[in-house]
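Remarks on the structure that follows.
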Amino acid sequence: MKRKIVFFLLITFFLFGLLMSIYINTDRELADVPDKIIRLHVVANSDSPLDQQIKLQVRDNVIGRMNGKFEGLKDISEVKRIIEGSIGEIENIAEETVEDSGKHYDVKASFGITDFPTKAYGNLTLPAGTYQALNIVIGEGEGKNWWCVMFPPLCFIDVAHGVVPEKTMKELKTSLTDEEYRLLLSARTKEGMPVKLRFK
């Protein structure tokens, strides 16, 4: 009987150690991912249907009018520099969109470090954690938010149908190591991505 208990405990500790090793190694392999990605974060004034619609209109207008500035860029530092230099323009786009909807909410745009939950983009999964982000807060900022990846440009893909164009995936792959790319593709759900990344 004692042998069975000892054997059971040994197996339990072995499996626990194996899982922890996988977790730690995955965490280490993905530690630099937040340095290589910039996200877009738009927060609605409230959860009312109109405020949520305004949020989506702000998203569409900012992406549509800023997209040309980032087209063809491969250097994340250059993308960051353009975002930081365009904060006033981005706020103006968002404010115009809000006013066109008949509201007069204040809009605040900023570039900084933001917490995000696990998010799937087609066959790609980004783990929860802190990332560089362009943040746009509409009014009180108490409504549901919307987010995507600005660099590499995953904001511009057909996520509704789980489609990530091959060109976009190639751009993403050039920004990551082979192991980072493999891990982000292998985790299809929150349960499959056990790590929570922190921006360094």
Side-chain angles (χ1 to χ4, degrees), residues 33-71 73 76-122 124-165 168 172 184 189-190 193 196-200:
V33 169
D35 293 317
K36 302 172 181 179
I37 288 175
I38 295 177
R39 304 181 75 159
L40 172 62
H41 186 222
V42 185
V43 186
N45 177 68
S46 74
D47 284 335
S48 73
L50 177 57
D51 283 350
Q52 286 297 306
Q53 182 60 38
I54 291 172
K55 173 192 71 178
L56 298 180
Q57 290 171 345
V58 167
R59 170 201 69 185
D60 292 342
N61 288 346
V62 168
I63 290 175
R65 290 169 61 177
M66 296 300 295
N67 186 28
K69 291 192 174 187
F70 305 116
E71 192 171 355
L73 294 182
I76 191 171
S77 61
E78 179 69 7
V79 174
K80 179 179 176 180
R81 184 188 67 77
I82 292 174
I83 292 174
E84 291 177 327
S86 303
I87 292 298
E89 180 181 354
I90 292 167
E91 284 187 348
N92 288 336
I93 294 170
E95 287 171 352
E96 289 173 7
T97 304
V98 171
E99 289 178 3
D100 288 345
S101 72
K103 294 293 184 178
H104 300 282
Y105 302 138
D106 290 332
V107 176
K108 178 65 177 176
S110 62
F111 185 83
I113 307 304
T114 303
D115 278 311
F116 289 92
T118 298
K119 176 67 175 178
Y121 298 90
L124 175 74
T125 301
L126 291 180
T130 52
Y131 292 79
Q132 304 172 91
L134 167 60
N135 298 287
I136 303 174
V137 180
I138 304 169
E140 298 298 322
E142 295 180 351
K144 293 177 182 177
N145 57 48
W146 181 92
W147 58 90
C148 70
V149 175
M150 289 187 72
F151 182 86
L154 301 185
C155 287
F156 316 107
I157 65 173
D158 185 9
V159 292
H161 297 89
V163 177
V164 181
T168 301
L172 176 66
L184 294 182
T189 64
K190 291 183 180 181
M193 181 60 71
K196 180 174 177 66
L197 303 182
R198 310 304 297 178
F199 188 84
K200 290 186 295 183

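Since we're looking at a predicted model, the values are computed, not measured. One is the number of the first residue; the rest follow in order along the sequence. Scope of the values below: all heavy atoms of this structure, side chains included, with no hydrogens, waters or symmetry mates.
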Inset, instruction - Using a 4.5 Å cut-off on heavy atoms from C-beta on, say whether the side chain of Gln132 contacts that of Lys80. - result: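 Result yes, sub-4.5 Å side-chain heavy-atom pair found.
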
Inset, instruction - Would you indicate whether the side-chain heavy atoms of Thr114 and Thr130 approach each other to under 4.5 Å? - result: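 No - every pair of side-chain heavy atoms lies 4.5 Å or more apart.
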
Nearest non-hydrogen partners of [X] and [Y], listed with the distance:
{"X": "Val58", "Y": "Val98", "result": "CG2-CG2, 4.2 Å"}
{"X": "Ser86", "Y": "Ile82", "result": "OG-O, 2.7 Å"}
{"X": "Gly143", "Y": "Val43", "result": "O-CG1, 3.7 Å"}
{"X": "Gln52", "Y": "Lys144", "result": "NE2-N, 3.3 Å"}
{"X": "Phe111", "Y": "Ile87", "result": "N-CD1, 4.2 Å"}
{"X": "Gly112", "Y": "Asn135", "result": "N-ND2, 4.1 Å"}

Atom pair [atom1] ([X]) and [atom2] ([Y]), whose distance is rounded to the nearest 0.5 Å:
{"X": "Phe151", "Y": "Ile83", "atom1": "CZ", "atom2": "CD1", "answer": "10.0 Å"}
{"X": "Glu96", "Y": "Ser101", "atom1": "CD", "atom2": "OG", "answer": "12.0 Å"}
{"X": "Asp51", "Y": "Glu140", "atom1": "CG", "atom2": "CD", "answer": "10.0 Å"}
{"X": "Thr97", "Y": "Lys55", "atom1": "OG1", "atom2": "NZ", "answer": "14.5 Å"}
{"X": "Met66", "Y": "Glu89", "atom1": "CE", "atom2": "CD", "answer": "5.0 Å"}
{"X": "Ile38", "Y": "Phe70", "atom1": "CD1", "atom2": "CZ", "answer": "8.0 Å"}

Inset, instruction - Check the pair Met150 / Ile37 against side chain to side chain contact (heavy atoms under 4.5 Å, CB included), numbers first and verdict last. - result: CA-CA 8 Å; Met150 289 187 72; Ile37 288 175; over 6 Å; no

Legend entry - Asp106 atom CG: more than 12 heavy-atom contacts under 6.0 Å: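 No, not enclosed.
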
Legend entry - Lys36 atom NZ: more than 12 heavy-atom contacts under 6.0 Å: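 Result for NZ/Lys36: enclosed.
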
Inset, instruction - Indicate yes or no: does Lys103 engage Glu95 in a salt bridge with an N to O separation below 4.0 Å. - result: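 No.
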
Legend entry - Lys/Arg-Asp/Glu bridge criterion (N-O < 4.0 Å) met for Lys69, Glu78: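 Result for this pair is no, no salt bridge flagged.
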
Inset, instruction - Kindly determine whether Ile90 and Leu134 satisfy side chain to side chain contact (heavy atoms under 4.5 Å, CB included), including the steps that lead there. - result: CA-CA 10 Å; Ile90 292 167; Leu134 167 60; 3.7 Å; yes

Legend entry - Verdict with reasoning, Glu91 to Lys108, per side chain to side chain contact (heavy atoms under 4.5 Å, CB included): CA-CA 6 Å; Glu91 284 187 348; Lys108 178 65 177 176; 3.6 Å; yes

Legend entry - Audit row: Leu40, Trp146, side chain to side chain contact (heavy atoms under 4.5 Å, CB included) steps and yes/no: CA-CA 8 Å; Leu40 172 62; Trp146 181 92; 3.9 Å; yes

Legend entry - Plane angle bin for Phe116 and His41 - parallel if under 30°, tilted between 30 and 60°, otherwise perpendicular: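 Geometry flag for Phe116 against His41: perpendicular rings.
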
